[in-house]
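The block underneath contains the structure these notes are about, expressed in C-alpha cells.
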2 protein chains.
Amino acid sequence: MTITASEIQFIQTWGILSSQWGINRTMAQIHALLLMEKGNLSTDEIMEKLNISRGNANMNIRDLMIWGLVQKVHIAGERMEFYKAEKDIHKVAVAIARERIKRELEPVIISLKELKGFTFKEDEESSHYLKLLNDIDEFATMVHKIMTIFVQSDKNWFYKKVLNYFK
Amino acid sequence: MTITASEIQFIQTWGILSSQWGINRTMAQIHALLLMEKGNLSTDEIMEKLNISRGNANMNIRDLMIWGLVQKVHIAGERMEFYKAEKDIHKVAVAIARERIKRELEPVIISLKELKGFTFKEDEESSHYLKLLNDIDEFATMVHKIMTIFVQSDKNWFYKKVLNYFK
DNA sequence: TTGAATTTTCAATATTTACTGAAAGTTAAA
DNA sequence: TTTAACTTTCAGTAAATATTGAAAATTCAA
C-alpha cells in the first residue's frame, strides 16, 4: 500500500476532528490508517507509516482496542501481532457513543442528582440554583435518551426516522 | 454571595465535563459561575472567586461572548463592565450546538466531499476507500440533520418527540 | 483634552498532555 | 529450558496548551 495525498488528508482530517472531541491525534490517526486498510497492519507498519515510536503506537492501539474500535488478529505461522479496525461505520459510531455515554454523560447525571440532593429551596438564591440543576439534568437526560436509542436501535430504523424528521 | 461546597462541586463538574469536549477548564468554570449567579459579575469578582489572573479572565469571557453564552451588562453610573450568562439551558444548548455544527461538523463534511471528489473506483483498494468515505459522510450528514432539527425546532416539540421515542 | 479607571493584548512562563526509547516482560519455536 | 522475537511499560523529555502580569490601548467623567 502506498499512501496517496488523499489518504494523507483523510488521516489528518480524522486526527483534527478527533482532537476537537478529546481524543488524541495519534489515536485518531492510527484509527484512520486502519480504517483505510483492507488488510491487517503490524505495529511496525503503523510506526513506519505515521512516523511514531513503538511505545506510542502500542499505547494508542491498546486504547483503540479498549474503545472496541480495533481488534488483534493472529495470523497462522506469524509471530507478530496484526491489527484491524471495525469497518462498519455504524458499529464504529455505536462503540464511540457507548463509551462516551459511560465515561462522560452518566457520571455527570449522577453528579447532578447528588448536587440536587444537597440543595434545598431555603431562599431565592437556592431556588434559582436548584432550577439550574433541574434544567441541566433534564437536558442531560434527554441527550442520554437519544444516544441510548441510537446505540440500541436498528441502524435503518434510526436513519429513516431522522431523515423523515422524527415523523 | 458565598460559594457553598455544592456550588464549588458544580463549578468543578462543569469544568471537567467541558474539558472532555475540547473547551478549556477556565472558560467552563467562568460559565458555571455566571450560570449560578442570579445577578451580574465584574471581571474582578470572577478573578477573585476563581483565583485567576485578569488576562485569563478577560480572554475566556471574550470567548464565552463569542459563543453567545455570556453578555456584557452596562450598569448606569458604573464605570466597570459586568457580565451575565444566558440562563435558559435550552438556549445555552442551542448556542453550543450551533457553534459546534459550524466549527467542526461542517468543515468535516466539506472535507469528506472533497476527498470523495479526488478518488475514483479504479481498483479494489480505491473502491474500499470510497465506500469508507461515503459511509462516514452518510453518518456525519445524519448527525448534522439531527443537530439542525434540534437547533431550529421548538424546545417542547423536540423534547416530546424524544421522550416518545421519535414516535 | 486630560488622566484615572478600566479593558485588552501578548511575550514570558507554568502546566498539562503526548511521545520517545530503552529496559523489562512475555511468548513460543526449537 | 533456552533464547530470540516480539510486546509492554514508564521515567525522562518534548510539544502543546493555558495562564500570568505588566504594558499598551481604550474609555469616559471632569
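Values in this document were obtained by computation on a predicted structure and should not be read as measured data. Every chain is numbered from 1, with letters handed out A, B, ... down the list of sequences.
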Inset, instruction - Provide, to the nearest angstrom, the distance between the CD1 atom belonging to A:I75 and the P atom belonging to C:dA28. - result: 15 Å
Inset, instruction - Using only side-chain N and O atoms of A:K72, determine if any of them is under 4.0 Å from OP1 or OP2 of D:dT8. - result: yes
Inset, instruction - Return the 5'-most residue of the pair A:R62, A:E78 with respect to DNA chain D, ranking by each residue's nearest nucleotide. - result: A:E78
Inset, instruction - Would you verify whether the NZ or CZ of A:K84 falls within 45 degrees of the ring axis of A:F82 while also being under 6.0 Å from that six-membered ring's centre? - result: no
Inset, instruction - Quickly work out the B:M65 CE to C:dT7 P distance and round it to whole Å. - result: 11 Å
Inset, instruction - Send over the distance from B:M80 CE to C:dA4 C1', rounded to a whole Å. - result: 13 Å
Legend entry - A:N58 side chain near D:dT7 phosphate (N/O to OP1/OP2, under 4.0 Å): no
Inset, instruction - For each nucleotide in nucleotides 10-27 of chain D, reading 5' to 3', give B when a protein heavy atom comes within less than 4.0 Å of its base, S when such contact involves only the sugar-phosphate, and - otherwise. - result: B-------SBBB-----B
Inset, instruction - Find the distance A:H74:NE2 to C:dA29:C1' and express it as a whole number of Å. - result: 15 Å
Inset, instruction - Figure out the CG/P separation between B:D63 and C:dT8, and round it to whole Å. - result: 12 Å
Legend entry - A:L64 CG to D:dT7 P, straight-line distance once rounded to whole Å: 16 Å
Inset, instruction - For A:K72, check salt bridge (charged side-chain N to carboxylate O under 4.0 Å, His left out) against everything at least two apart and list the hits. - result: A:E81
Inset, instruction - Would you check if the side chain of A:E48 reaches a backbone N or O of A:E45 as a donor-acceptor pair within less than 3.5 Å? - result: no
Inset, instruction - State, with a plain yes or no, whether a side-chain heavy atom of B:V92 is found less than 4.5 Å away from one of A:D135. - result: no
Legend entry - Donor-acceptor contact below 3.5 Å, side chain A:N164 vs main chain A:K160: yes
Inset, instruction - For A:K87 and A:A85, indicate whether the former's side chain and the latter's backbone hold a donor-acceptor pair under 3.5 Å. - result: yes
